[in-house]
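Worksheet: the structure to be examined is printed underneath.
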Protein chains: 2
Amino acid sequence: MQMETSLILQEIAKHIQLTKDEELHFCSLLTEKSLKKKQILLRANAVNTLSAFVTKGCLRSYSIDRNGFEHIVQFAPPGWWIADIYSMISKKPGKLNIDALEDSTMLVMKREEQEELFKKIPKFERFFRIITENSVAANHARLMDYMGLTAQERYEGFCSRYPMLMKTLPQKQIAAYIGVTPEFLSKLKSELLRSGKKR
Amino acid sequence: MQMETSLILQEIAKHIQLTKDEELHFCSLLTEKSLKKKQILLRANAVNTLSAFVTKGCLRSYSIDRNGFEHIVQFAPPGWWIADIYSMISKKPGKLNIDALEDSTMLVMKREEQEELFKKIPKFERFFRIITENSVAANHARLMDYMGLTAQERYEGFCSRYPMLMKTLPQKQIAAYIGVTPEFLSKLKSELLRSGKKR
DNA sequence: CGTAACCAATAATCTAGATTAAGAAATGAT
DNA sequence: ATCATTTCTTAATCTAGATTATTGGTTACG
């Protein structure tokens, strides 16, 4: 049974060009992993140096606050990378948990292997530089939304930015992403519906 | 009058090793710029593709919400990079403003020149990959604080993480960073003081 | 200098969103 | 099918933090 690498190679090809040999070498550093819904890829308070590229399903990274509430930092549908970058680069225990929101498969790479890859094929420095820049831009947008918008605006923003996730995710996960309680999101939705129906 | 490049070369040396020639070439791509307090380096709603490395003073990047309130995304004291990464990579108008909180000097590089640099000295892909990874980690921490902590905890966190900025920044800038009104921060401080004095 | 512009403190009032509670619907396991 | 678990809705109450307003203190600067 072969590992599904076409999506990841396609993503890479958007930014750098690899020879067949380089592709093979890269793929040899990946491990395919499958998780059933709710299974955990990695936990807070441990050193977690791996990153995962999702090929099927959906993962999420989240932290748990002092009161036990989950706060979602990122969703990762197919084509996205997910990791606890803090723990990965500092080699210290992180605060992120990563688990599967539905049955999922992913390609996993350990940081050491990534470092190896950088030595062997320096072009990958470029690839990950670009991926990481995209991530910074997304985080900035997220932060600005958080600081300057109301919950309703964040919800509407989420709906228009991630229509796919809207359909598949349970509403409480969306609440944990936009930063409100599920109860309040439910209220928001019914208000939007009411005001939408009248006109 | 020579440009002050020792700090930036020192930062680079932490991550990659350059020959004297490479250092010279890199420095030739930088422009030194000085801003007086409150002067603007770059504005929202325009394409801004430059990044700045601060050597003196302090810059900030911030967005302005619908009600005219400023929300600070990042402070940049000496040794830090600052840019509107979204605009820089997408070449579209961004949402960030960057200005000087005090008289400051910085080394500025245009994205095109950075791209040139990547072609000429690929080691810099590595350098910026690492810098950008650090930035993602910082943004994740910021987001988690925002989602899971109270204003008071964010304030205490800020105090212990950035004691330098505490001393130099006016309080309203700190408020705009931790995400509260200056009035509420003032209240928080006096509560902390009161409860601190009793014991 | 004097006066304008900015900055901090305090306090009263107001509101977005949290909390608590309880029932209805959906999903899943056996 | 049936029971258990998880998810969603609605509604009443509560609170962290916003808003508005007033006062006094600094800093800049013509």
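Remember, predicted model here, so these are calculated numbers, not experimental data. Below, each value reflects all heavy atoms present in this structure, side chains not excepted, and no hydrogens, waters or symmetry copies. Naming: A, B, ... by sequence-line order, numbering from 1 per chain.
Taking 4.0 angstrom as the limit, Ser190(A) places a side-chain polar atom (N or O) nearer than this to OP1 or OP2 of dT10(D). Of the side-chain N and O atoms in Ser186(A), none sit less than 4.0 angstrom from OP1 or OP2 of dC8(D).
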Go through it in stages, so that I can follow the logic: the residues are Phe75(B) and Phe158(B), the test is side chain to side chain contact (heavy atoms under 4.5 Å, CB included), and I'd like the CA-CA distance, side-chain angles, deciding distance and then a yes or no. CA-CA 12 Å; Phe75(B) 292 117; Phe158(B) 183 86; 3.8 Å; yes
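Closest to the side chain of Gln171(A), from the set dG17(C), dC8(D), dT10(C), is dC8(D). In the set dT6(D), dG17(D), dG17(C), dG17(C) carries the atom at the smallest distance from any side-chain atom of Arg154(A). Among dC7(C), dG17(C), dT19(D), the nucleotide with an atom closest to any side-chain atom of Ala151(A) is dG17(C). Distances were taken from every side-chain heavy atom of Val180(B) (C-beta onward) to each of dC7(C), dT7(D), dA18(D); the shortest belongs to dA18(D).
Glu112(B) CD: 12 or fewer foreign heavy atoms inside a 6.0 Å radius.
Residue order along DNA chain D, read from the 5' end via each residue's closest nucleotide, puts Phe184(A) first among Phe184(A) and Leu185(B). Map Glu183(B) and Lys187(B) each onto its nearest nucleotide of DNA chain D; the residue landing nearer the 5' end is Lys187(B).
Between Phe124(B) and Phe26(B), the ring planes lie parallel to each other; the angle is under 30°, not in the 30° to 60° tilted range.
With rounding to whole Å, Phe69(A) atom CZ is found 11 Å from dT20(C) atom C1'. Atoms NZ (Lys172(A)) and C1' (dT6(D)) sit 7 Å apart, rounded to a whole Å. The distance from atom OH of Tyr146(B) to atom C1' of dA16(D) is 14 Å, rounded to the nearest whole Å. Taking atom CD1 of Ile174(A) as the reference point, atom C1' of dT7(D) lies 13 Å away to the nearest angstrom. As a whole-Å value, the separation of Leu192(A) CG from dC8(D) P is 16 Å. Taking atom CE of Met147(A) as the reference point, atom C1' of dG17(D) lies 16 Å away to the nearest angstrom. Separating the NE2 atom of His71(A) from the P atom of dA18(C) is a distance of 10 Å, rounded to the nearest angstrom. dT6(D) atom C1' lies 14 Å from atom CG of Leu101(A), rounded to whole Å.
For the pair Arg142(B) and Tyr177(B), the cation-pi criterion (under 6.0 Å, within 45° of the ring axis) is fulfilled.
A 4.5 Å side-chain heavy-atom check between Lys119(B) and Glu115(B) finds every atom pair outside the cut-off.
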